[in-house]
Amino acid sequence: MIEAGKPATKLKSEALQVLFERGLVHQCTDLEALDAKLSAGPVTAYAGFDATASSLHVGHLMPLMSMRWLQKLGHKPIMVLGGGTSQVGDPSFRNEARPMLEQRQIAANIAGIRRSVERLIDLSPEGGALIVDNADWLTEFKFLEFLRDFGPHFTVNRMMTFDSVRSRLDNQMPLTVLEFCYMMLQAVDFLELSRRHDCTLQVGGSDQWGNIVNGVELGRKGDGRQLFGLTVPLITTANGAKMGKTAAGAVWLHPEHLSPFAFWQFWRNTADADVPRFLRLFTELPIREVERLSMLEGIERNEAKKILATQVTAIVHGAEAARHALEQGDTLFSESWEEAEPTHRLASLRLATGMGLLDLLTELGFATSNSDARRLVEGGGVRLNGSVIQDPRRTLAIGDLAAGERLSLAVGRRKKALVAFE
RNA sequence: GGAGGAGUGCCCGAGUGGCUAAAGGGGACGGACUGUAAAUCCGUUGGCUAAGCCUACGUUGGUUCGAAUCCAACCUCCUCCA
C-alpha cells in the first residue's frame with residue numbers, strides 16, 4: 001500500500017502523471033504495478049455511486065473528474081449506480097446506521113444520479129464508457145450460494161480492522177450485520193465487474209478505502225487476479241470546513257436541485273486561498289493555464305474565480321449553461337444590474353392578489369422559511385429596487401415594477417434576483 | 001450479570017421546578033469595511049395566519065397551578081466490577 005501525496009518514483013503512465021498533477025490521488029493499493037498497467041494499454045476503471053439522494057453533489061466531483069481524465073487518456077470508465085448496495089447502506093465512518101431506503105426511493109434517486117453521470121461521462125460508442133446498476137447482479141444471489149461463494153474469502157477478523165468501522169466498534173455503537181456486510185457487497189461488485197468487463201481499477205473517495213481494499217483482496221483470493229484501488233483526497237476549504245455545504249444545503253449537481261447559475265455562484269465565491277487548488281481539481285484547463293491563473297493576486301484573482309466557475313459549470317451543466325451563468329454573473333454584479341435579463345419569471349397575476357415580500361424571498365431560495373426571511377428584512381439585508389426595505393409586512397404590487405415589468409431584489413451582496421412578471 | 005454516570009437547539013456545551021425558545025463557544029446568515037475574497041467589529045440564528053400562538057431538551061407515561069429540571073418504565077451510550 002502506498003500513501004501518496006507525491007509519487008515516490010517517476011511515473012511512466014500519462015494517466016497517473018495527470019491524476020497526480022491534478023491533485024486527484026490520495027492512496028493507491030499498488031502504485032508501481034498500476035503505473036505499469038496503465039502505461040501498457042487501456043484499462044477499465046470503475047467508480048460507484050449509491051442512491052443516498054436524488055442528486056450527486058460537489059463531493060462526488062472528485063471521482064467523476066478522475067474518471068473523465070482516465071477516459072480522455074484512452075481508458076474505459078464504468079459508472080456503477082448502487083441500486084443494490086443502496087438497499088444495505090454503507091456504514092463507513094458513520095456513527096449511526098443510515099435510514100433504510102424504500103425501493104421506490106432508491107429507483108427515483110438512481111434516476112436523478114444517472115442524469116448527472118450521463119452529462120459528465122462521454123457515453124458515445126467511441127468513448128467506451130458504460131453505466132451499470134449493481135442491482136443487476138446483487139439481487140440475483142441466493143443467500144447460501146452467496147455465503148459459500150464469497151464467505152470463505154472474508155474473515156471477520158480482517159473486516160473488523162478497517163478504520164471505516166473501527167470507530168463504531170471502539171465506541172461500542174451498534175454495527176448491524178446488515179451494515180457490516182456492505183463491504184462484502186462492494187467487494188463482490190468489483191469482482192463481478194472484473195469478470196464481466198475486465199475492470200481492474202476502482203476509484204473512490206478516501207472514505208471508500210476499506211471497501212476498495214476488500215474488493216482488491218477478493219479479486220486475488222477468488223480469481224487470482226490483481227485488481228487496483230485508487231482513492232481521491234477529501235477536500236476541505238481553506239477555512240477548514242468540509243467543502244460543498246452552504247446555508248441552503250449541499251451544492252447539488254442536478255439542475256433541478258440547484259440552478260446552473262447558483263452552481264456557478266458557488267464557485268465564484270470561492271475563497272482566494274482555494275482558487276489554485278480548485279482550478280487544478282475541478283477544471284480541465286491545461287496545467288500551464290492553471291498555474292498562470294494561480295499567480296493572479298488581489299482583485300485580479302476575481303478573474304480566476306470567474307474562469308473557475310465557468311469551467312466547472314461547463315463540465316457539470318454544459319458549455320451553454322456556463323456561458324449563460326457567466327453573463328448573468330457579469331451583468332448582475334455590474335452597476336446597471338437592474339437592467340439585466342430576468343433571473344426569475346412569475347405570473348403577474350400574483351401581484352394583483354398582493355404578494356408578500358417575505359414569501360417572495362422564500363420562493364426565490366434566499367430564505368429558508370418565513371421567519372428567516374423576516375430576520376433578513378428586519379436586519380436590513382434586503383433591497384427592493386435598490387432601496388433597503390425593513391418592513392416585514394411589505395407587499396408587492398404593480399406599482400413596484402420598474403421598467404420592463406420587473407423588480408430587482410437583493411439579499412446581502414451575493415444574492416441578487418431580477419423577477420419579471422408576465 | 002452487578003454498580004455508577006450520561007443523552008439539550010446545525011455541532012460542542014451550560015442549565016437541576018416558574019425570570020428558559022433555553023448561558024457560552026463554533027458554524028452559518030445579515031450589517032459596517034472590501035474585491036461577490038480574507039481578517040476585524042456589530043447583529044441575528046425553531047416555526048407560524050407574528051406585540052399573539054404552536055412545537056422543542058433520548059422515548060412513553062406520571063407528580064405539580066407550572067417540568068429540560070422531580071418520579072416510573074423503556075431505548076442508547078460511557079466508566080468500573082464480574
Side-chain angles (χ1 to χ4, degrees), chain A residues 93-97 99 167-176 179 236-251 259 261-279 293-310 312-313 325-338 340 343 353-359 361-384 387-395 408-418:
Chain A
F93 298 102
R94 294 177 63 94
N95 280 323
E96 278 174 37
S167 79
R168 183 88 76 90
L169 295 171
D170 286 348
N171 294 334
Q172 300 198 27
M173 301 288 276
L175 176 70
T176 63
E179 300 172 88
T236 53
T237 66
N239 300 326
K242 207 182 273 181
M243 189 200 163
K245 292 275 181 202
T246 66
V251 180
S259 74
F261 179 64
F263 184 82
W264 186 89
Q265 276 287 300
F266 167 77
W267 295 98
R268 173 60 186 79
N269 286 319
T270 299
D272 281 15
D274 287 325
V275 171
R277 201 162 42 117
F278 286 6
L279 281 168
L293 293 168
S294 300
M295 305 282 272
L296 300 177
E297 301 231 345
I299 288 188
E300 289 197 310
R301 183 142 278 191
N302 282 330
E303 288 311 309
K305 289 184 194 179
K306 279 191 206 171
I307 292 170
L308 168 68
T310 309
V312 188
T313 306
L326 172 65
E327 274 169 30
Q328 254 186 315
D330 272 342
T331 46
L332 228 40
F333 285 87
S334 70
E335 284 296 312
S336 55
W337 71 278
E338 280 148 341
T343 55
T353 54
M355 182 175 206
L357 175 61
L358 301 187
D359 293 328
L361 285 167
T362 312
E363 191 167 327
L364 295 180
F366 288 171
T368 54
S369 68
N370 209 286
S371 302
D372 189 35
R374 173 180 293 261
R375 269 179 237 117
L376 286 171
V377 171
E378 287 174 348
V382 176
R383 283 188 306 285
L384 173 66
S387 43
V388 175
I389 305 288
Q390 285 189 284
D391 177 9
R393 283 168 305 182
R394 179 70 148 83
T395 55
S408 73
L409 197 61
V411 173
R413 290 163 302 157
R414 303 177 184 183
K415 287 171 238 159
K416 301 189 178 192
L418 280 169

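By convention in this document, chain letters (A, B, ...) are assigned in the order of the sequence lines, proteins followed by strands, and residues within each chain are numbered from 1.
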Closest nucleotide among B/C33, B/G30, B/G35 to the A/V411 side chain: B/G30
Between atom CG in A/D372 and atom P in B/G9, what is the gap in whole Å? 20 Å
Short side-chain N/O contact to B/U49 OP1/OP2 from A/N370, under 4.0 Å: yes
How far does the P atom of B/U16 sit from the matching atom of B/C65, given to the nearest Å? 23 Å
Sorted by position of nearest nucleotide on RNA chain B, 5' first, the leading residue of A/G412 and A/R301 is A/G412
Start with the C-alpha distance between A/W264 and A/F261, add both sets of side-chain angles, then the distance that settles side chain to side chain contact (heavy atoms under 4.5 Å, CB included), and finish with yes or no. CA-CA 5 Å; A/W264 186 89; A/F261 179 64; 4.1 Å; yes
Here the distance between atom P of B/A38 and atom NZ of A/K305, to the nearest Å, is 7 Å
Interatomic distance, A/D391 CG vs B/A50 P [rounded to whole Å]: 13 Å
Taking atom P in both B/G62 and B/U69, compute the distance separating them and give it to the nearest angstrom. 15 Å
Given the C1' atoms of B/G43 and B/C53, what is the spacing between them in whole Å? 26 Å
Atom CG of A/L376 and atom P of B/G31: how far apart are they, to the nearest Å? 9 Å
Rounded to whole Å, how long is the line connecting atom CG of A/L296 with atom C1' of B/A37? 14 Å
Return the value, rounded to whole Å, for the distance between atom CD1 of A/I299 and atom C1' of B/A37. 11 Å
Would A/D274 and A/T270 count as a side-chain hydrogen bond (donor to acceptor under 3.5 Å, both in side chains) here? Give the steps. CA-CA 7 Å; A/D274 287 325; A/T270 299; over 6 Å; no
Phosphate contact (B/G46 OP1 or OP2) by A/S371 side-chain N/O below 4.0 Å: no
What is the distance from CZ of A/R375 to P of B/G30, rounded to the nearest Å? 13 Å
What is the separation between atom CZ on A/R268 and atom C1' on B/A37, rounded to the nearest whole Å? 8 Å
Whole-Å C1' distance, B/A21 and B/C54: 12 Å
Expressed in whole Å, how much space separates the C1' atoms belonging to B/A32 and B/U59? 47 Å
Between A/K415 and B/C29, is there a contact of a side-chain N or O with OP1 or OP2 at under 4.0 Å? no
Between the main-chain N or O of A/T331 and the side-chain N or O of A/S334, is there a donor-acceptor pair closer than 3.5 Å? yes
Please give the nucleotide sitting opposite B/U79 as a Watson-Crick or G-U wobble pair, both distances under 3.5 Å, or none. B/A3
More 5' along RNA chain B: A/G381 or A/L358, using each one's nearest nucleotide? A/G381
For the P atoms, the ones on B/A23 and on B/U40, what distance do you get once it is rounded to whole angstrom? 24 Å
G-U wobble or Watson-Crick pairing nucleotide for B/U36 (cut-off 3.5 Å, both distances): none
Which base sits across from B/A67 as a Watson-Crick or G-U pair, both distances under 3.5 Å? none
In Watson-Crick or G-U wobble terms, both distances under 3.5 Å, what is the partner of B/G27? B/U45
Looking at A/R393 and B/A50, is any side-chain donor or acceptor paired with a base atom of the opposite kind under 3.5 Å? no
Sticking with atom P, work out how far B/G4 lies from B/C57, rounded to a whole angstrom. 27 Å
Worked check of side chain to side chain contact (heavy atoms under 4.5 Å, CB included) between A/R394 and A/L384: CA-CA 10 Å; A/R394 179 70 148 83; A/L384 173 66; 3.6 Å; yes
Paired with B/A50 by Watson-Crick or G-U wobble geometry, both distances under 3.5 Å: which nucleotide is it? none
Does A/R268 reach the main-chain N or O of A/K306 with its side chain, forming a donor-acceptor pair under 3.5 Å? no
OP1 or OP2 of B/A37 under 4.0 Å from side-chain N/O of A/R414: yes
Which residues pass the salt bridge (charged side-chain N to carboxylate O under 4.0 Å, His left out) test with A/R393, not counting sequence neighbours? A/D391
Taking any heavy-atom pair under 4.0 Å as a contact, classify A/E300: base, sugar-phosphate, or nothing. nothing
Go through the steps for A/K416 and A/T343 under the test side chain to side chain contact (heavy atoms under 4.5 Å, CB included), then give the verdict. CA-CA 9 Å; A/K416 301 189 178 192; A/T343 55; over 6 Å; no
If pairing means Watson-Crick or G-U wobble with both distances under 3.5 Å, then the partner of B/A72 is B/U60
Suppose you measure atom P in B/A67 against the same atom in B/C19; what distance do you get, rounded to whole Å? 11 Å
